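Within every chain, numbering begins at 1; the chains are lettered A, B, ... in the order of the sequence lines, protein sequences first and strands thereafter. Side-chain atoms are counted along with the backbone in the values below, which use heavy atoms only and exclude waters and symmetry mates. Because the structure is predicted, anything quoted here is derived from the model rather than measured.
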Protein chains: 4
Amino acid sequence: MPDQSRRNPQVHQAVLDATWELLVTGGWSAVSVDAIAAKAGVGKRTIYRWWPGKNAVALEAFLARARSTPPPGSPASLAETLRAHARHFVDLYVGTRLGALLCELLGAAQSDPDLAASLREHWFLPRREPLRALITAGDPDLVLDLVFAPLHYRLLTGHAEVDHAFADKVVTAALLAHPAG
Amino acid sequence: MPDQSRRNPQVHQAVLDATWELLVTGGWSAVSVDAIAAKAGVGKRTIYRWWPGKNAVALEAFLARARSTPPPGSPASLAETLRAHARHFVDLYVGTRLGALLCELLGAAQSDPDLAASLREHWFLPRREPLRALITAGDPDLVLDLVFAPLHYRLLTGHAEVDHAFADKVVTAALLAHPAG
Amino acid sequence: MPDQSRRNPQVHQAVLDATWELLVTGGWSAVSVDAIAAKAGVGKRTIYRWWPGKNAVALEAFLARARSTPPPGSPASLAETLRAHARHFVDLYVGTRLGALLCELLGAAQSDPDLAASLREHWFLPRREPLRALITAGDPDLVLDLVFAPLHYRLLTGHAEVDHAFADKVVTAALLAHPAG
Amino acid sequence: MPDQSRRNPQVHQAVLDATWELLVTGGWSAVSVDAIAAKAGVGKRTIYRWWPGKNAVALEAFLARARSTPPPGSPASLAETLRAHARHFVDLYVGTRLGALLCELLGAAQSDPDLAASLREHWFLPRREPLRALITAGDPDLVLDLVFAPLHYRLLTGHAEVDHAFADKVVTAALLAHPAG
DNA sequence: CGTTAAGCGAGACGGTACGTCTTGTCTTCGT
DNA sequence: ACGAAGACAAGACGTACCGTCTCGCTTAACG
């Protein structure tokens, strides 16, 4: 494993930018290690030195964009907080490149256990944990899944609309399953 | 577009069987049009004549297995029916080849709109519609998603257990969102 | 082998015409059994019933055109006759579809012994024999090759012009090798 | 167009060797880019990077063998030199793999203008030019064709023997067309 | 201050899969 | 029974991408 301290940050960023650019321009199918290297003006070797493959690069490009917009905290009440998060999810991921990329990553993760683990560790868990801490009664994981599963499910399958109204409904329903709700 | 009536049913079946065999043996990554053709003793041209690509073949192989085991109808009560379907989902798809394949297909569908549409049309909708008809009050789609989204979500992300207990919990929670529940 | 008497002459002709048409339109590379069958409105099976393959069809199409223009006999003198034949060769085969086809057939014959034999039997020998009979002294085959080999050679390799002047020169040179010349 | 200096000479040689091996073992019909790549332990892409197709590879394999045996120079007299070259041609190409390959290449060149040009440039012309320079009177091209056309013609059509006696005869005849002969 | 080890751009390489093409056989119909 | 239509097995074609590798060049750390 190479020495992190000698890493060229410009190269790092150029790779992520090129990946994002390719995603925006041509979708997931336009993303290949060759294409990223060419667009970033970088040797393929350099990419494979720092990432295991294009899935990992794409995940990092996704996280960089997703992380830059943290959900607005609202400690007032659990209901308010969940509703804010659910609506925020809708705004960020429905009908956007970011949402499509999330779906693609989740799709790619089905045949790439490392990507699946990274996705859980760096995306799902960090978003669940703060909310989980707010749910003191009942089954926190159940409540969170009742909120976020329907949003992701519709995003992935496209079988129905995902909008603020739907977000509100799933939050309401989830809270019914919460003893304190 | 070739004439369906001239299709050789043995070839049709051999392709689906070979695809399934490859899936069981080596997982999704072992499935390629070349491999299917070789294992089925079939020309690649024949596969491309009847299917647009390997995704479509795999979908049909999946549907053939999934269709052969219809969920047990239980018209007694909505709660009973939903619980039966949810538990049936767990039995069939959690920790099984069929479940892994469903995830792979959903994953592949993220970059293959045709596959996505076929999946909706031939798998999701046929399973939703009968249940939807039973839900006469409130928002049927919401209730169904509250049941099935968490099951699929956990299957896809693997962030938590999916078992009968969880199935029961999501059914119970979903019914709370149902006026008649 | 099927019964020749039951053969449909219209089909026979349609195949030859379609082959020639393809040759004229798109060159040798446009000729395939599928294309011939489609253009002739004929089943592939029918073609394979009466010919061993596309080379044989093309040979017959070639012979039909080549045969329809027999060289003008000139029994006056050997020199006159050879010159007439050589010039006739130039007129018919240099820079024409017929000449290109002859080259293609000779080319294909290098990997198709049956075609090579047919070409010898139905094209080369019938053209040599009448002339051979006129050469009563010396080595008739040598004289004929001294005339026709340079013409074919230049046609095949394209390394120099083939015109009436060249035809005359090779005839003159060949006759020097003829005792009676 | 790739950088010649970065070419791996071992790969270059392995491809030519594999091609020759296939030719010797199974004839021209056994030569395919797939087969060459497999036998040489080389990716197909590598072959297509350096050659336009299998014809070009086969030509180079042919030239490598043909070049390794230059005709013996004999500056004594034109007659001696031509006779030596003609007999040399017979020895090398009549009844040998090399001769069969030359015929195949000439055949393939009929539908491949690039191959035809390469064949002229790298094989026919280099063999003609030195001899051409020796023929100071008359029409050098005519004399050369009177010698080499009959040899090639019989090799291609197989309608008669090609041996030393025939080689001597065509040389004798050709020199009769030479003013200084 | 020079050496040396690494990062890096570039891209050749072996390999796998893709989707298309052609060949020659076989099957299904219609007539 | 012949013929049209075309499905079929086989396999070659030329391309794309993957992940490894080998070149030189630059650049940072260390002697």
[options]: which one has an atom nearest the side-chain heavy atoms of [X]?
X       : options               : value
B/Arg6  : E/dT23, F/dA7, F/dT20 : F/dA7
C/Thr46 : F/dC18, F/dA4, E/dA12 : F/dA4
C/Lys44 : F/dG6, F/dG3, F/dG14  : F/dG6
A/Asn8  : E/dC13, E/dT23, E/dG7 : E/dG7
C/Lys54 : E/dT23, F/dG3, F/dC13 : E/dT23
B/Val42 : E/dA12, E/dC8, F/dA9  : F/dA9

Whole Å only: how far is the [atom1] atom of [X] from the [atom2] atom of [N]?
X       : N      : atom1 : atom2 : answer
B/Met1  : F/dA5  : CE    : P     : 20 Å
D/Arg49 : E/dA12 : CZ    : C1'   : 5 Å
B/Arg45 : E/dC18 : CZ    : P     : 16 Å
B/Ile47 : E/dT20 : CD1   : C1'   : 14 Å
D/Trp51 : E/dC13 : CH2   : P     : 9 Å
C/Ile36 : F/dG6  : CD1   : P     : 17 Å
A/Trp50 : E/dA6  : CH2   : P     : 12 Å
C/Lys39 : F/dA4  : NZ    : P     : 16 Å

5'-most contact on DNA chain F (nearest-nucleotide basis), A/Ala30 vs D/Pro52, goes to D/Pro52
Residue pair A/Gly53/D/Ala35 against DNA chain F: nearer the 5' end by closest nucleotide is D/Ala35
| task | Look at D/Asp17 together with D/Arg65 and state whether they make a salt bridge at an N to O cut-off of under 4.0 Å. | result | yes
| said: Between B/Asp3 and B/Arg49, does any NZ, NE, NH1 or NH2 come within less than 4.0 Å of an OD or OE carboxylate oxygen? | reply: no
Of D/Gly43 and B/Val31, the one whose nearest nucleotide on DNA chain E sits closer to the 5' end is D/Gly43
CG (D/Asp112) and CG (D/Asn55) are apart, to the nearest 0.5 Å, by 4.5 Å
The reported gap from CG in D/Leu98 to CZ in D/Phe62 (rounded to nearest 0.5 angstrom) is 5.0 Å
Taking 4.0 Å as the cut-off, does a side-chain nitrogen or oxygen of B/Ser32 come that near to OP1 or OP2 on E/dT16? no
Worksheet entry | Residue pair D/Trp51 / D/Glu60, side-chain donor-acceptor N/O under 3.5 Å | yes
For this session: Assign B/Gly41 to base, sugar-phosphate, or nothing according to its heavy-atom contacts below 4.0 angstrom with the strands shown.
Result: sugar-phosphate
